[in-house]
Amino acid sequence: MAENKIELKSVSELLGMKFFIPSYQRGYRWTDLQIENLLNDILEFSKGIDGDFYCLQPLVVKKRKKDLLAEIKQANSIEDVETLLKGEWIVIDGQQRLTTIYLILKALENEYCPSLEYERESYIEVCDSCDEIKKDNIEIYHLTSAKKCIRKWIETNSKDSANTLRNKILEQAKFIFYNVGDVSEEQEHDIFNNLNSGRIALTNAELIKALFLNKVGKEDIAHREVEQRLLADEFDQIERTLRQDDFWYFLAGNTEKPSSCINLLFDLMLESSEQNGKYHTDEPFRTFFYFNDLINGNESEDSYKKSKKIWEDVRKVFHITEGWFNDSVMYNLIGYHRAANGGKTLCEIYKKFREKKSKKEFKKWLVDECKNHIDYPDGFMQLRYDENKDKVFNLLLLFNIATLNERPQEAVKFSFANLHKYNWDVEHISPQNPKNDEDLKKAVEKFKDNEHLNNLIDALNKEEKDTNIIEEERSKFFVAGDDLMGIQNLTLLTEHDNRGIGNKFFFEKRQTLQKFYQQGSFIPACSMNVFMKFYSDNPEQMAFWDEKDRESYKNKLEQTIKKIFNNEQ
């Protein structure tokens, strides 16, 4: 495995260094707006208030192989020797920002600048010697346009501003300098392609991985490669586990999977630490800076030993989440908090886990905190869809969770992956707008052998219909008025399934849902139980959601929710 190294380098440390831009890279393309934003950002940066330094993002490089001894022999001065000793670097990623910094320093007439060389053409030399925008070559056009934009900014601002900008660039602006080591040219191209496919930037997780890999094996060079491979394998194993749908979504809620899922653990370690406030939330590499400070912050301590201890801490955090995942009750409760509207953050859950003396106490806390999402104990059964959709959703989701947790020995887990992959609706069990009398007549005729429907059938079949009698009979089987939006007439379905069953009769909804289920739709257990009338003792008919069904369902929901809070589970 190639040796790699990652460190923070100020712009002043790059002075005199030579950078080579290979031909596989796209040419310089920064716009005036991007340049002006960078100039203003650096000028306005305040050390201590905005952070310890201004981050110029990662600069991914590889040392260029040359006959150093031969070149030193031909050097004309000590300065040339110092430059040669700094080496020449192939820029794999970060050339746009590096080039912009070069152009700014040139425009500020700084005595020393990094040296840039393009493999394809001497673009930078042409730009340096040109004072006007040249349009005959696209590369030169963008470089000369940038040069003019920078000069205009300097002329518009005061001399003091220009001097302040120069000092801040040199001393307070830093690159995350990532030396990928002695990789082959093919590997170099692979790194470039991976970083630039869809313009996916280098992530905190990748930078942190490089930090750890840079430290392992210090005490025994012979085993360095072995230790690096072991750590890299562990890193990848954790990443693969976190990428599993069920594992990711129970922890991360409705956050889509990023390119590096392990960053969830790194962020969690930062956010739950006492140093969290030190790292500004709008800094994209705040997590990397935290780990860099942990490992390299105190030079008097052995960074190799510190990195081993910190990696062990990462493993411990991972094993904690793995323990949550393997305990079905804990999994369901944590997943609920991450899914509920207004639920707990992962950091809050993790910090509370560390505070509690036992899993039993932690589970009790998870249960107790559910009360806050559903107006328990006084108002949860009065929740209405038209008045508080979020809490209705929370209550119906908790009903599903509590139902699964009633039998912990069965270790049944709710599918939070399905919950977060799809949009969800609160479905009216009995339709909001029952169809007209003719459609209703055709529907009930299918159940004409059911004696409980005889009165309704007779009322609909009379030549001279009595609307009062029809309405009285309809009300037994259809929800009306305020009850329509009440909890006794609500359940959870995916948006797709809800649209699929539309405004059909109850029995038609059941038939459609059965078909969806056979086709692979995820239908929560309690929703399926509703349409199968599982909560109704000795249902009198299966055609409609009648008064007895609604009352039985309401009672079961109330009992289940109360049971979980009475610690009977």
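Counting all heavy atoms, side chain and backbone alike, Cys347 lies closest to Leu268 at CA-CD1, 3.6 Å. Across every non-hydrogen atom of Glu239 and Ile262, the tightest pair is OE1-N, 2.9 Å. Contact record, Glu369 with His337: CB-CE1, 3.5 Å, taken as the closest heavy-atom pair. Summarising the geometry of Lys389 relative to Tyr385, their closest heavy-atom pair is CG-O, 3.1 Å, with the distance given to 0.1 Å.
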| task | Could you check Asp245 against Asn418 for side-chain contact (heavy atoms from CB on, under 4.5 Å), going step by step and ending with a plain yes or no? | result | CA-CA 9 Å; Asp245 282 354; Asn418 280 303; over 6 Å; no
| message | As a quick check of understanding, evaluate side-chain contact (heavy atoms from CB on, under 4.5 Å) for Asn423 and Thr494, giving each step before the final call. | response | CA-CA 6 Å; Asn423 294 323; Thr494 66; over 6 Å; no
| query | Taking it one step at a time, do Leu490 and Glu427 satisfy side-chain contact (heavy atoms from CB on, under 4.5 Å)? | reply | CA-CA 6 Å; Leu490 304 172; Glu427 161 68 354; over 6 Å; no
| query | Under the side-chain contact (heavy atoms from CB on, under 4.5 Å) criterion, do Leu242 and Leu251 qualify, and how do the steps go? | reply | CA-CA 9 Å; Leu242 287 166; Leu251 279 181; 4.1 Å; yes
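Here the side chains of Gln172 and Ile42 are not in contact, with every heavy-atom distance at 4.5 Å or above. Side chains of Leu493 and Ile501 form a contact here, defined as non-hydrogen atoms less than 4.5 Å apart. Side-chain contact between Val60 and Val91: absent, with no pair of heavy atoms (C-beta onward) separated by less than 4.5 Å. Using a 4.5 Å cut-off on side-chain heavy atoms (C-beta onward), Asp390 and His373 make no contact. Between Asn292 and Leu207, every side-chain heavy-atom pair lies at or beyond the 4.5 Å cut-off. Two residues are said to be in side-chain contact when any heavy atoms from C-beta on lie closer than 4.5 Å; Arg499 and Asp425 meet this criterion. Contact check for Leu397 versus Leu419: side-chain heavy atoms found under the 4.5 Å cut-off. Residues Ser12 and Glu171 form a side-chain contact, since some pair of their non-hydrogen atoms from C-beta on lies under 4.5 Å apart.
Atom NZ of Lys515 sits in a sparse spot, with 12 or fewer heavy atoms from other residues, nucleotides or ligands closer than 6.0 Å. The local environment of CD in Gln409 is crowded, with over 12 non-hydrogen atoms from other residues, nucleotides or ligands closer than 6.0 Å. Within 6.0 Å of the CZ atom in Arg243, the count of heavy atoms belonging to other residues, nucleotides or ligands exceeds 12. When the shell of 6.0 Å around NZ of Lys309 is examined, it contains 12 or fewer heavy atoms from other residues, nucleotides or ligands. Within a 6.0 Å sphere centred on CG of Asp233, heavy atoms belonging to other residues, nucleotides or ligands number more than 12. For Gln519, the CD atom sits in a packed shell: over 12 heavy atoms of surrounding residues, nucleotides or ligands are nearer than 6.0 Å. The environment of NZ in Lys391 is crowded: more than 12 heavy-atom neighbours from other residues, nucleotides or ligands sit within 6.0 Å. Around NZ of Lys548, the count of heavy atoms belonging to other residues, nucleotides or ligands within 6.0 Å does not exceed 12.
For the residue pair Tyr422 / Asp497, no side-chain donor-acceptor distance below 3.5 Å is found, with atom types taken as modelled. Under the 3.5 Å distance criterion, with hydrogens and angles disregarded, no donor-acceptor pair is assigned to the side chains of Glu355 and Trp365. Donor-acceptor pairing under 3.5 Å is lacking for the side chains of Asn37 and Asp41. Side-chain N/O atoms of Asn555 and Glu558 include no donor and acceptor closer than 3.5 Å.
The SG atom of Cys261 lies 12.5 Å from the CZ atom of Arg240; values are rounded to the nearest 0.5 Å. Separation of atoms CH2 (Trp248) and CG (Leu264) is listed at 4.5 Å; rounding is to 0.5 Å. The CD1 atom of Ile310 lies 12.0 Å from the NZ atom of Lys316; values are rounded to the nearest 0.5 Å. If you take CG on Asn204 and OG on Ser260, they are separated by 9.0 Å, rounding to the nearest 0.5 Å. Atom CG of Leu294 is separated from atom OG of Ser273 by 7.5 Å, given to the nearest 0.5 angstrom. In this structure, Arg315 CZ and Ile238 CD1 are separated by 7.5 Å, a value rounded to the nearest 0.5 Å.
For Phe235 and Phe318, the ring centers are positioned 6.0 Å apart or more. For Phe266 and Tyr279, the ring centers sit 6.0 Å or farther from each other. Aromatic ring centres of Phe250 and Trp324: separated by at least 6.0 Å. Here Phe544 and Phe506 keep their ring centres 6.0 angstrom or further from each other.
With Tyr535 as the aromatic partner, Lys556 does not meet the cation-pi criteria of under 6.0 angstrom to the ring centre and within 45 degrees of the ring axis. Note that Lys278 lies outside the cation-pi zone of Phe289, set by a 6.0 Å cut-off to the ring centre and a 45° limit from the axis.
Across Thr491, Asn529, Asn489, a single residue satisfies side-chain contact (heavy atoms from CB on, under 4.5 Å) together with Tyr553, and that is Thr491. A ring pair (Phe, Tyr, Trp, His ring centres under 6.0 Å) with Phe416 is found for exactly one of Tyr249, Phe247, Tyr331, Phe325, namely Tyr331. Exactly one residue among Trp311, Tyr304, Phe288 makes a ring pair (Phe, Tyr, Trp, His ring centres under 6.0 Å) with Phe212. That residue is Trp311.
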